[in-house]
Amino acid sequence: SAAAALCQRDAALAVYRGTVTSNGTTTTLIDTGLTQSATDHWVGRVVIFLTGSLAYQASRVTAFTPGTDTLTIDALTGATASGDTYIVV
């Protein structure tokens, strides 16, 4: 139906697809594409890695530092690496 299609479109627009631009840690992800200015913009959302050694791991966002384009996340099994792709849902 048209209503279902609109809901699916809106859900897809809420997903951010990004690429790690600098090596991070097990609890940080750096992406210069994150240009939002509010420190709580991403808090509570979930990062899911699509590529690299962290592929298919998910982690909750606990903080965002706009000045360094850094997401702080719950601990992963390894460090984030430049070039890894991910989505935020």
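Since the structure is predicted, the reported quantities are computational estimates derived from the model, not experimental observations.
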How close do [X] and [Y] get, counting heavy atoms only, and between which atoms?
{"X": "Ala58", "Y": "Val46", "result": "CB-CG1, 4.0 Å"}
{"X": "Arg17", "Y": "Leu50", "result": "NH1-CD1, 3.5 Å"}
{"X": "Gln36", "Y": "Trp42", "result": "OE1-NE1, 3.1 Å"}
{"X": "Ser59", "Y": "Ala75", "result": "OG-N, 4.5 Å"}

Excluding sequence neighbours, so at least two apart, what forms side-chain contact (heavy atoms from CB on, under 4.5 Å) with Ala38?
-> Asp40, His41
Is there a donor-acceptor pair closer than 3.5 Å between any side-chain N or O of Thr65 and the backbone N or O of Gly67?
-> no
What residue pairs, at least two apart or across chains, pass salt bridge (charged side-chain N to carboxylate O under 4.0 Å, His left out) with a residue in residues 49-76?
-> Arg60-Asp74
Would you check if Val47 and Val61 make a side-chain contact, meaning some heavy-atom pair closer than 4.5 Å?
-> yes
hydrophobic_cluster_shared for Ile30 and Val88, side chain cutoff 4.5 Å = no
Output side-chain donor-acceptor pairs under 3.5 Å for residues 77-86, partner residues at least two apart or in another chain, one line each.
unit_1: Thr77; atom_1: OG1; unit_2: Gln57; atom_2: OE1; d: 3.4
unit_1: Thr77; atom_1: OG1; unit_2: Gln57; atom_2: NE2; d: 2.5
unit_1: Thr80; atom_1: OG1; unit_2: Gly24; atom_2: N; d: 3.3
unit_1: Thr80; atom_1: OG1; unit_2: Thr28; atom_2: O; d: 2.8
unit_1: Ser82; atom_1: OG; unit_2: Thr21; atom_2: O; d: 3.4
unit_1: Asp84; atom_1: OD2; unit_2: Ala81; atom_2: N; d: 3.2
unit_1: Thr85; atom_1: OG1; unit_2: Thr51; atom_2: OG1; d: 3.2
unit_1: Tyr86; atom_1: OH; unit_2: Asp31; atom_2: OD2; d: 2.5

Let me know which of Leu71, Thr39, Ile73, Thr72 forms a side chain to side chain contact (heavy atoms under 4.5 Å, CB included) with Phe64.
-> Leu71
